[in-house]
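Chain naming here is simple, since letters A, B, ... match the order of the sequence lines and numbering starts at 1 in each. No experiment lies behind these values; they were computed from the predicted model shown.
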Protein chains: 2
Amino acid sequence: MASQSASSPDSNPDSLSTQLAARGYKLTRPRRAVLRVVAETRESLSPSEIHARAKKFYPQTGLVTVYRTLEVLAECGAVRKVHQADGCHSYAPASEGHAHHIICENCHSVVEFEDCDLAEMVKTVQRHTGYKIEGHWLELFGVCPNCRR
Amino acid sequence: MASQSASSPDSNPDSLSTQLAARGYKLTRPRRAVLRVVAETRESLSPSEIHARAKKFYPQTGLVTVYRTLEVLAECGAVRKVHQADGCHSYAPASEGHAHHIICENCHSVVEFEDCDLAEMVKTVQRHTGYKIEGHWLELFGVCPNCRR
DNA sequence: GGGCTAATTGAAAAACGTTTTCAGTTGGGA
DNA sequence: TCCCAACTGAAAACGTTTTTCAATTAGCCC
Ligand SMILES: [Zn+2]
Ligand SMILES: [Zn+2]
Ligand SMILES: [Zn+2]
Ligand SMILES: [Zn+2]
């Protein structure tokens with residue numbers, strides 16, 4: 001079954017709101033709408049998909065504000081960009097700290113995982129290439145429990 | 001030191017030409033120009049950077065043809081898109097088979113590495129999330145031997 | 001070598017995602 | 001309640017990628 005981090009990223013609207021407020025950001029109506037969309041989704045969403053959903057909560061929401069809010073949320077570590085073969089245009093909810101995403105190739109649902117031990121591999125690659133490795137990006141692709149029937 | 005795969009991806013112009021010919025693609029002048037650029041670089045390059053360099057070999061080369069040639073080369077596995085914080089617009093030479101890139105954060109040089117053993121981690125993540133994992137995507141960031149002084 | 005034909009080309013225009021600009025609005029502290 | 005920096009949406013600008021289309025060309029057959 002799913003681990004805590006996988007099943008519930010730290011992204012309910014309240015905690016997001018608190019995060020933004022703590023950093024001095026105002027909690028405006030369009031921002032609340034975007035926060036709510038991000039908190040409720042289990043898939044990664046593109047800015048325009050987020051825009052479409054946010055308008056259900058606050059119809060005047062502008063696409064520009066979605067972009068600006070995503071920037072703020074990424075800065076807070078509350079969302080992370082998801083890179084896929086067909087483009088790098090979507091964002092998924094993220095919890096704080098080091099974690100990565102696993103994406104369902106069928107339904108595009110996304111969960112986080114924290115079990116990321118690359119230490120051994122990093123050592124080997126450093127030895128082979130001479131590069132000093134300071135960071136990494138990792139994404140897993142697969143099929144989620146639902147889609148496996 | 002660098003491993004074989006790291007220091008010399010299978011990307012000299014001849015081998016690339018052979019690859020394309022084997023797949024029934026014509027070897028046109030603009031394509032040769034792009035092939036040569038890709039084979040000679042040690043950094044990842046954006047389509048428009050490739051275009052600028054390709055014009056030195058064949059001045060009429062059009063940007064559109066660069067895009068089309070990159071598509072073909074990606075299909076052959078001869079280049080791979082490199083994803084970075086400031087955008088996902090560049091391509092790096094790639095050898096056949098499973099490998100990933102490590103990118104120098106200072107000079108943007110890129111080398112490949114093949115030591116990628118995620119089996120243990122994949123098992124753990126599958127257990128924790130219930131997802132059946134079928135593929136992955138990994139990039140390392142660091143500092144290359146040159147830039148370390 | 002000369003001709004045939006499908007593959008390929010470059011220029012221009014369209015499409016697309018993202019950012020900038022700017023005058024008007026608003027959240028939230030005093 | 002008042003105030004003002006933070007924030008907003010619409011429109012325009014922007015850079016990248018794709019489409020369109022008439023002209024060219026690589027590679028094959030004779
Ligand atoms: Zn990690
Ligand atoms: Zn990307
Ligand atoms: Zn370097
Ligand atoms: Zn791998």
Can you list the steps and then say if B:L45 with B:V38 is a side chain to side chain contact (heavy atoms under 4.5 Å, CB included)? CA-CA 8 Å; B:L45 300 174; B:V38 168; over 6 Å; no
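No side-chain heavy atom of A:T124 sits under 4.5 Å from any side-chain heavy atom of A:M121. Residues A:S44 and A:H101 form no side-chain contact, since every pair of their non-hydrogen atoms from C-beta on lies 4.5 Å or further apart.
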Between protein and nucleotides 12-17 of chain D, what N or O pairs are separated by less than 3.5 Å?
| residue | atom | partner | partner atom | Å |
| --- | --- | --- | --- | --- |
| D:dT16 | O3' | B:H89 | ND1 | 3.3 |
| D:dT17 | OP1 | B:H89 | ND1 | 3.0 |
| D:dT17 | OP2 | B:Y67 | OH | 2.2 |
| D:dT17 | O5' | B:Y67 | OH | 3.2 |

Restricting to nitrogen or oxygen on both sides, can you table the protein-nucleotides 26-30 of chain D pairs closer than 3.5 Å?
| residue | atom | partner | partner atom | Å |
| --- | --- | --- | --- | --- |
| D:dA26 | N3 | B:K26 | NZ | 2.9 |
| D:dG27 | OP1 | B:L27 | N | 3.0 |

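The phosphate of D:dT18 (OP1 or OP2) has no side-chain N or O of B:R68 nearer than 4.0 angstrom.
Among residues at least two apart or in separate chains, side chain to side chain donor-acceptor pair (under 3.5 Å) pairs with a member in residues 61-83 of chain B are A:H83-B:H83, B:Y25-B:E75, B:R80-B:E112.
Of the charged side-chain nitrogens involved, none lies within less than 4.0 Å of a carboxylate oxygen, so that A:E40 and A:K56 do not count as a salt-bridged pair.
Across D:dT19, C:dT9, D:dA10, the shortest atom-to-atom separation from the side chain of A:V64 is found for D:dA10. Of the candidates C:dT9, C:dG10, D:dT8, D:dT8 carries the atom nearest the A:R31 side chain, counting heavy atoms from C-beta on.
Using cut-offs of 30° and 60° on the angle between ring planes, the pair A:H98 and A:H136 is perpendicular.
Two residues, B:E71 and B:Y58, neighbour DNA chain D, and the one matched to the more 5' nucleotide by heavy-atom proximity is B:E71.
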